[in-house]
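Below is one structure; the comments refer to it alone.
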Amino acid sequence: MTIFPSLPSVGDVGSSQIVEVPTLEELGYVDIEGNELPPFRGGESEGLKRLREAISNEKWVATFEKPKGDPSAFLRPATTTLSPYLKFGCVSSRYFYQCIQDVYTRNKKHTSPPVSLLGQLLWRDFFYTVAFGTPNFDQMRGNKICKQIPWNDNDELLTAWREAKTGYPWIDAIMTQLHKWGWMHHLARHCVACFLTRGDLFVHWEKGRDVFERLLIDSDWAINSGNWMWLSCSSFFYQYNRIYSPISFGKKYDPNGNYIRHFLPILKDMPKEYIYEPWTAPLSVQTKAKCIIGKDYPKPMVSHDSASKDCKQKLAAAYELNKKLNGVVSEEDLKVLQRKLDATCDSVLNPVHSHSSSGAKRQRRS
DNA sequence: GTTGAGTTGGATAT
DNA sequence: ATATCCAACTCAAC
């Protein structure tokens with residue numbers, strides 16, 4: 001027999017005061033008229049409705065494979081979009097699990113974890129479990145499963161990324177969707193997380209994690225930090241040579257750039273030949289599209305080719321140090337490495353027009 | 001020490 | 001759409 005502790009009497013709220021429910025304006029949401037509203041409505045009824053819709057397409061459930069979704073789909077997102085409802089407890093994860101099992105019973109041929117729809121629920125519990133068992137899970141320092149990497153602490157780079165001003169339309173469109181919807185497709189999250197950390201800007205994953213924590217409607221402490229470590233090659237995943245291209249990754253799903261045109265309307269008239277790299281468009285084309293690069297839309301903040309090369313070199317050096325010191329890397333060790341790397345890698349400090357100098361040649365590994 | 005797997009890379013070929 | 005190469009990591013199993 002379970003004994004439930006008695007609840008405090010109604011009205012006893014300690015030292016806190018009961019106040020009226022604040023208005024949207026008081027919460028800082030001003031001038032929302034005319035803005036695109038997020039497509040999420042709160043509550044269990046809405047969550048169950050979405051669950052039923054997702055589950056009713058049994059063929060879709062049975063053949064679901066996470067890596068195959070289309071991150072540029074926004075009129076009809078490629079996943080269930082149930083994450084906000086799971087996060088707030090509007091939909092029971094166990095009920096969702098059971099619904100998927102029922103579909104599998106009726107459809108013997110179905111995908112399997114980790115890529116299946118059921119697998120996605122397992123990943124959720126995976127992150128809860130490892131986060132529970134790992135001291136300092138949400139930070140790099142003192143976190144045994146986290147590679148110690150000399151990320152830079154550049155607020156300008158972070159701000160440009162957060163404010164959707166990197167100059168890469170695919171990245172900026174995703175960050176705009178984050179601001180407007182509080183949600184984007186899983187692979188879109190991968191692209192911007194990779195870009196901020198190990199792919200281009202080499203900014204600390206904790207900074208990006210904090211931005212997601214604030215802006216995502218489905219942000220979850222364990223899943224968010226876990227995935228940022230994953231994407232930054234700090235833990236779980238280590239193939240740092242696999243970098244998402246901020247140009248070609250989106251293009252292969254959405255060659256016309258409809259996703260970009262929707263979330264970055266300043267680029268809506270840019271011809272599709274240039275929409276992923278508008279800085280390469282001739283001035284006449286920019287003029288006709290009413291979007292001058294450097295004036296109406298920013299120039300790319302880094303050259304992806306040289307920035308990603310530098311990032312790979314930095315990761316290789318950091319991994320080497322972690323290996324040598326058996327994961328016990330001091331603050332001072334990281335500082336020394338950072339100074340060494342700053343001397344050889346220059347793409348982030350000298351943006352787009354500079355090219356990696358001879359100093360960027362690959363370091364010898366011992 | 002070697003081998004193979006690892007939810008989601010890119011570029012190029014057909 | 002699928003195959004192959006590129007470049008190359010860690011970790012577990014043997």
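Letters A, B, ... mirror the listed sequences (proteins, then strands); counts begin at 1.
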For the side chain of A/Ser245, starting at C-beta, report the closest nucleotide among B/dT7, B/dG10, C/dC9.
B/dG10

Looking only at the side chain of A/Phe249 (C-beta and beyond, no hydrogens), which of the listed nucleotides C/dC9, B/dG9, B/dT7 gets closest?
B/dG9

Can we call the ring centroids of A/Tyr168 and A/Trp279 under 6.0 Å apart?
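For A/Tyr168 and A/Trp279, the ring centres are under 6.0 Å apart.
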
Find out whether A/Arg189 and A/Trp183 are in side-chain contact, i.e. whether some heavy atom of one side chain is under 4.5 Å from a heavy atom of the other.
yes

Are any non-hydrogen side-chain atoms of A/Leu334 and A/Trp151 less than 4.5 angstrom apart?
no

One should read off an interatomic distance between A/Leu215 CG and A/Arg162 CZ, to the nearest 0.5 angstrom, of 8.5 Å

A/Phe126, CZ: over 12 other non-hydrogen atoms inside 6.0 angstrom
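Atom CZ in A/Phe126 is crowded, with more than 12 foreign heavy atoms closer than 6.0 Å.
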
Would you say the side chain of A/Gln239 and the base of B/dG9 hold a donor-acceptor pair, judged only by whether the two atoms sit under 3.5 Å apart?
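No.
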
Tell me if the side-chain of A/Asn241 makes a donor-acceptor pair with the base of C/dA7, cut-off 3.5 Å, by modelled atom types.
yes

Could you check how far [atom1] of [X] sits from [atom2] of [N], rounded to whole Å?
X        : N      : atom1 : atom2 : value
A/Asn322 : C/dT10 : CG    : P     : 10 Å
A/Arg189 : B/dT8  : CZ    : P     : 18 Å
A/Ile243 : B/dA11 : CD1   : P     : 11 Å
A/Lys147 : C/dC9  : NZ    : P     : 11 Å
A/Lys312 : C/dA8  : NZ    : C1'   : 10 Å
A/Leu187 : B/dG10 : CG    : P     : 10 Å
A/Phe126 : B/dG6  : CZ    : P     : 14 Å
A/Asp200 : B/dG10 : CG    : P     : 12 Å

Quick one: is [X] getting a side-chain N or O under 4.0 Å of the [N] phosphate, OP1 or OP2?
X        : N      : result
A/Ser248 : B/dA11 : yes
A/Tyr244 : B/dG10 : no
A/Lys252 : B/dG10 : yes

Please list every stem that involves DNA chain B, where a stem is a run of 3 or more consecutive Watson-Crick or G-U wobble pairs with both pairing distances under 3.5 Å.
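When the pairs of DNA chain B are grouped into runs of at least three, the stems are B:1-6 with C:9-14, B:9-14 with C:1-6.
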
Check whether A/Ile275 and A/Met175 end up in the same hydrophobic cluster, where Ile, Leu, Val, Met, Phe, Trp and Tyr are linked by side-chain heavy atoms less than 4.5 Å apart.
yes

Across all chains, not counting sequence neighbours, the salt bridge (Lys or Arg N to Asp or Glu O under 4.0 Å) partners of A/Lys68 are A/Glu65

Could you work out the separation of C/dA12 and B/dT8 based on their C1' atoms and round it to a whole Å?
22 Å

Nearest-angstrom distance, C1' atom, B/dG4 to C/dA8
14 Å

What is the nucleic acid contact for A/Glu65, judged by heavy atoms within less than 4.0 Å: base, sugar-phosphate only, or nothing?
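Since no nucleic acid heavy atom lies under 4.0 Å of A/Glu65, the category is nothing.
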
Ring centres within less than 5.5 Å and planes less than 30° apart: is that true of A/Tyr319 and C/dC9 in this structure?
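No, A/Tyr319 does not stack on the base of C/dC9, since the centre distance and plane angle fail the 5.5 Å and 30° test.
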
Test A/Asp138 against every option in A/Glu213, A/Met229, A/Arg209 by the side-chain contact (heavy atoms from CB on, under 4.5 Å) rule and name the one that passes.
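When side-chain contact (heavy atoms from CB on, under 4.5 Å) is applied between A/Asp138 and each of A/Glu213, A/Met229, A/Arg209, only A/Arg209 qualifies.
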
Would you kindly compare A/Lys68 and A/Arg242 by the position of their nearest DNA chain C nucleotide and give the one closer to the 5′ end?
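Result of the comparison: A/Lys68.
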
